[in-house]
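Contents: one structure, followed by commentary.
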Amino acid sequence: MARSKRTLAEQLGSPLPPGIEALAEEHKEALGDALRQARRRQAAALSSAAEESLSHVPFLLRGAVRKAAGL
C-alpha cells in the first residue's frame with residue numbers, strides 16, 4: 001500500500017493563503033510536489049555540507065564530533 005502524500009497545507013504547517021487556496025487542485029499538487037523536491041534537495045545539500053565541514057576536524061576526532069553533532 002502506497003503511503004499517501006501530505007497535503008500542501010500539512011507540509012506548510014498552516015492554512016494556505018487565499019491566493020494559493022484559489023488554485024486548481026492539480027496546481028496545488030504540483031506545488032506540493034515541487035516543495036517536497038526542494039526540501040529533499042535542501043536536506044541533501046545540508047548533509048553534504050555537514051560532512052564536508054568534518055574535513056576541517058582532525059581525523060581522530062571526527063567520530064566524536066560526528067556523534068556530538070548528531071550526524
Side-chain angles (χ1 to χ4, degrees):
M1 179 179 188
R3 197 177 107 184
S4 63
K5 294 181 185 177
R6 293 180 1 176
T7 66
L8 185 56
E10 290 172 337
Q11 288 183 61
L12 295 175
S14 64
L16 296 176
I20 302 296
E21 189 61 51
L23 293 172
E25 196 60 38
E26 64 193 42
H27 293 125
K28 286 191 272 189
E29 287 178 17
L31 188 57
D33 290 341
L35 182 60
R36 266 188 289 284
Q37 291 172 4
R39 286 191 171 162
R40 282 189 194 113
R41 285 191 307 270
Q42 181 185 35
L46 287 171
S47 177
S48 175
E51 288 297 322
E52 187 178 320
S53 70
L54 288 174
S55 68
H56 299 286
V57 175
F59 182 76
L60 294 175
L61 296 175
R62 288 182 190 170
V65 171
R66 188 177 272 120
K67 186 176 180 179
L71 300 175

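For reference, positions follow the sequence shown, starting with 1.
- By the side chain to side chain contact (heavy atoms under 4.5 Å, CB included) test, Arg66 pairs with Glu51, Leu54, Leu71, sequence neighbours left out.
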Which is it for Leu12 and Leu35 under the side chain to side chain contact (heavy atoms under 4.5 Å, CB included) test, yes or no, and what are the steps along the way?
CA-CA 9 Å; Leu12 295 175; Leu35 182 60; 3.8 Å; yes

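- Lys28 is listed as a side-chain neighbour of Leu16, based on a closest heavy-atom distance under 4.5 Å.
- Atom CD of Glu10 is surrounded by more than 12 heavy atoms from other residues, nucleotides or ligands within 6.0 Å.
- The NZ atom of Lys67 sits 14.0 Å away from atom CG of Leu61, with the distance rounded to the nearest 0.5 Å.
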Side-chain donor/acceptor pairs under 3.5 Å, residues 37-50, sequence neighbours excluded:
unit_1: Arg39; atom_1: NH1; unit_2: Gln11; atom_2: O; d: 3.1

